[in-house]
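A short worksheet on the structure shown next.
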Amino acid sequence: GAEGGRLVTYNRDENLALAAQRSRLPIFKCRDAILFLVETRATTVLVGQTGCGKTTQVPQYLAEAGWCAGGRMVACTQPRRVAAQTIAARVAEEMGTPLGRDVGYAVRFESVCTPGVTKIVFCTDGVLLRELMDDPLLTKYGVVMVDEAHERSLASDALLGLLKKIQRRRPDLRVVIASATIQAETFAEFFDTRDVPLKPALGPAALAPGARVPSREPGIVSVEGRAHSVAIHYLAKPAPEYVKAAVATALDVHRSEGPGDVLVFLTGEDEIEEACEMLRDAWEEETRAASGRRMSGATNALPGTTNERERTRGEPSNASPGIRSRLVVCPLYAGLPPAAQTEAFAPAPRYARKVVVASNVAETSVTIEGVAYVIDCLFAKKKSYDASRGAESLLVAPVSRAAANQRAGRAGRLRPGKCFRLCTELDFGRLPEQETPEMLRSDLASLVLQLKHLGIDNIVHFEWLSPPPAANMLKAIELLYALGALDDDAKLTSPLGVRLAELPLEPQLGKALLVSDDMGCVSEMLTVAAFTQVTSVWQSARGRQKALDEARDRFAVAEGDAVTFLNVRAAWERAGGVDGGGKSRAFAEKNMLSRRALVRASDIREQLSKHVSRFGLNPSRSIAPAKDPDPVRRAMASGFFANAATLAPHGGGADGCAFRSVRGGGTLYVHPGSVLFRARPACVVYVSAVNTGKEYMRDVTSVDPEWLPELAPHFYAKRNKSGAEPPPDAAFAF
DNA sequence: TAGGGTTTT
C-alpha cells in the first residue's frame, strides 16, 4: 500500500495486551494531571524516572487529548538518532499503525513521516533546531516535548532558549520538558515568564477565538520510575590506579557475587583493551592455579579486594559459587567495529558471566541487558574549549555525581543490583553535582550563525539557559566577521553568511566549500568536507600501526590530508563505493579503511551536494587534482586561514615536528593520524586542533604562506603589521 | 615520533 507495501493485520488480542501494558506503566496514574497542566500552562516540566514510560506515553496522551487538531503535530525531541527511530517504532506498534503514518521520526538523512497525516514525530533535537530556519515559529507543532533535557546538550539548550522566545508569539504552543529531578527547577525558573508581556501573535500562530491563554508559570509533575534499587559500595581508601582497581573488583565480583553480568566504566580505547587483556589473563591463571590447588588440597585463598571495601548496606550472604564459571570479556566503545560491538550485546553463554568493559557509550547511548553489577572508575574523557587558542581539549577528568548515578542505574534494570565506585565515599561527595552544560565548553561559531539566521541579532541578550563565557562568544563573532559571514554591523551577510548558516557544517569548512566554486573544484571540496565530518576513514590503529601506516601511504600525498581524501574516495568509487557489495567491502578491508565511515561520508557528501546545488553551484564542477592539487589547497586556505601554522625553527627536534600557530604563537604538532605526520611542510592549515596531552592538528593541508594574506587580506595583512588586530568595533556591537 | 570520550545538523 501507500506505506511501503506493508500489510497491517488488526490483531485484537495483541492490541488488548498493549493497552493493558500501557495502563500499567507508572505514568498512567499521572495522565490526567499532565493533560490538565498542558491545557492550562504554557510550559510543563515532567520529572520522570527511568522506566516510567514518559517518552512513549506522553506524546500519545497529547494526541488523544486533541493536541494534533487542525493538522498540527506533537514533536518529541531526542538527543540521539537511534532513540528517535526506535521509540517511534515502539509507539507506532502501540497505536497499531505502520511506522511513518500516524507516528513517524525525523533524523539527519531520513524522515519517515506522512505530511498531513502524521500526528506524533520523534526527532533529534538537532533536526528541530535546523527546522526552525524554514519555520521560525514551528507552526507545524501544537506541542514540543524536549526529552532528556537534563543532559544539557548544545542543541537542546539552544532549542529551549528559542522555544521560550517562540512562546511570546504563540500562546497556543505548549512546551513539555522531560528531565531528571535535579534539573527540573532550572527549567521551571527559566520558563517562568509571568512578568514578560506577550508579543503580537503572528499569522497562523494566532490563538483560536475563544481559546484560553495559558498561565506562564510552569507546572511540574513528578513520576516515580520502575528501576530497581542499586546498592552503592565505596572504597575504604583511594585506589590511585583505577584500571587495576577495576580489574581486581571485576574478578572479585565474579568470584563472590551471584548471577548477573558486569559493566565496567573506563575512559577510552587504550584503557578498555588493557583491562580486557588483564581480565582474561588473570582469570585464566586463577582457574589454572585453582585446579592445581584442588589437586594438592590447598584452600581457596585468592588475592581479593573484598576486605579493602567498605560495605555500606546489608550484604546478602553469597555462598561462594562452587563451580568456577566462565568469564566472557567484551570491550565496548563507539569506535569499535560493528561486529565486535555485537558481541558486547549478545547474552552470555550458559554458566558464563559477561564482563563488558565500556567507555561512556554505555552511560546513555546504549543499554546492555542482563547487567547486575556496575564498576565505575568515575572518570571520563571530556571535551572543553579554549577560546584564546581556538582549540579543544579532550582530557580525562572526574565525572559528576549525576553521571555516576546514571552509570549506577545501569545495574538496576532487571533486578536489584550493585555498583562499586572506585573512590571513597568522602571523595565522591566532593565531585561536582552535575556536568558542565555543553554550551559552556563549545566553539559557538556555528550556533551564533544559526541564531543570526533566525533574526536574533542581539546575541548577548538572548536568554540562554546557561550564558556561555563572553570570551567564547567574542571569538565566534570575530571568526564569523573574518570569514565574511557578518558585516561591520555584525549583521548576517547575503548570500555568504546566509549560505554558511544553512550548510550543516562548521562555518570555516562551509567557506572552504563555497569558495571552491571560484577555484573550479566544487566536487573535490564536497568530498573533502564530507571526509572531515567522519571520525576517521581509517580503522583503529591499535596493534596494527605498521599495516595502517602502509595502507595510508598508498593514498598519501605531500599536499596533505585533504588531497589524500580525494585519492581514497576515487579508489573507493572504483571499487564500487556504497553499492559495491563484496568488492568494495574487500577494498576497505585490504586498505584498513572503515566501511562504516566511508558510507557515512557518502551520505554527508550527497546532502551537501543538494545544498550547494540550491545555492546555484554546480556540484560536478571539477578539476584534475592529480594534475593540479592547488585549487583544493587554496580552497582550504580560504576557509581555514585562521588555523594556520608554520614549521618552527628546528621544528624536527626531540619533541617531534613542532609548528607555531600563526594566531596565538602556541606550539602545535601534526596528529600522528595525518599523512603529514612525518613530513616537514613550511606552512599548513588544519581543520581542528585537539589537545589530548599535546596540541595536535587534525586534517592538515600544506599551503603556500603567500596565499594567506592574498585569500584573507583583512585577517592577515593588518595582522602582519601590528600583531593581533581585532575587527572594527562595529563587529562587537551585537 | 606516537594517537579519537560521546552526540548531532
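In what follows, chains are A, B, ... by sequence order, proteins preceding strands, each numbered from 1. Computation of the quantities below employed the complete heavy-atom set of this structure, encompassing side-chain atoms and omitting hydrogens, waters and symmetry-equivalent molecules.
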### Query
Does any N or O in the side chain of A:R552 come within less than 3.5 Å of the main-chain N or O of A:G673, such that one atom is a donor and the other an acceptor?
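Confirmed, A:R552 side chain pairs with A:G673 backbone.
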### Task
Verify the distance criterion only: is there a donor paired with an acceptor across the side chains of A:S153 and A:E438 at less than 3.5 Å?
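There is no such pair (donor and acceptor under 3.5 Å, judged by atom type) between the side chains of A:S153 and A:E438.
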### Query
Can we say A:E550 and A:K546 salt-bridge, meaning some charged N sits less than 4.0 Å from an Asp/Glu carboxylate O?
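Salt bridge flag = yes for A:K546 with A:E550.
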### Query
Any salt bridge between A:R389 and A:D386, counting N to O under 4.0 Å?
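Salt bridge: yes.
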Just checking [X]: base, sugar-phosphate only, or nothing, at a heavy-atom cut-off of under 4.0 Å?
X: A:V690; value: nothing
X: A:S153; value: nothing
X: A:R81; value: sugar-phosphate
X: A:R80; value: sugar-phosphate
X: A:E392; value: nothing
X: A:A334; value: sugar-phosphate
X: A:T535; value: base
X: A:Q545; value: base

### Message
Go nucleotide by nucleotide along DNA chain B from the 5' end; which of A:V82 and A:R441 gets its closest nucleotide reached first?
### Response
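So the residue in question is A:R441.
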Given atom [atom1] of [X] and atom [atom2] of [N], what is their separation to the nearest angstrom?
X: A:F677; N: B:dT1; atom1: CZ; atom2: C1'; result: 4 Å
X: A:Q406; N: B:dT7; atom1: CD; atom2: P; result: 14 Å
X: A:N360; N: B:dT8; atom1: CG; atom2: C1'; result: 16 Å
X: A:R600; N: B:dT7; atom1: CZ; atom2: P; result: 10 Å

When you measure from the side chain of [X], which nucleotide among [options] comes out closest?
X: A:T124; options: B:dT8, B:dA2, B:dT6; value: B:dT8
X: A:R678; options: B:dT1, B:dT6, B:dT9; value: B:dT1
X: A:R108; options: B:dG5, B:dA2, B:dT9; value: B:dT9

### Message
Whether A:Y696 contacts B:dG3 is assessed here as follows: a side-chain N or O lying under 4.0 Å from the phosphate OP1 or OP2. Is that the case?
### Response
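So the side chain of A:Y696 is within the cut-off, an N or O lying under 4.0 Å from OP1 or OP2 of B:dG3.
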### Query
Are OP1 or OP2 of B:dT6 and a side-chain N or O of A:K381 less than 4.0 angstrom apart?
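No, outside the criterion.
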### Message
Would you compute the distance between atom CG of A:L486 and atom CG of A:L449 and round it to the nearest 0.5 angstrom?
### Response
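Result: 7.0 Å between the selected atoms.
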### Task
Report yes or no: is there a donor-acceptor pair, N or O only, under 3.5 Å between the side chain of A:R130 and the base of B:dT9?
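Counting by modelled atom types and ignoring angles, a donor-acceptor contact under 3.5 Å is found here.
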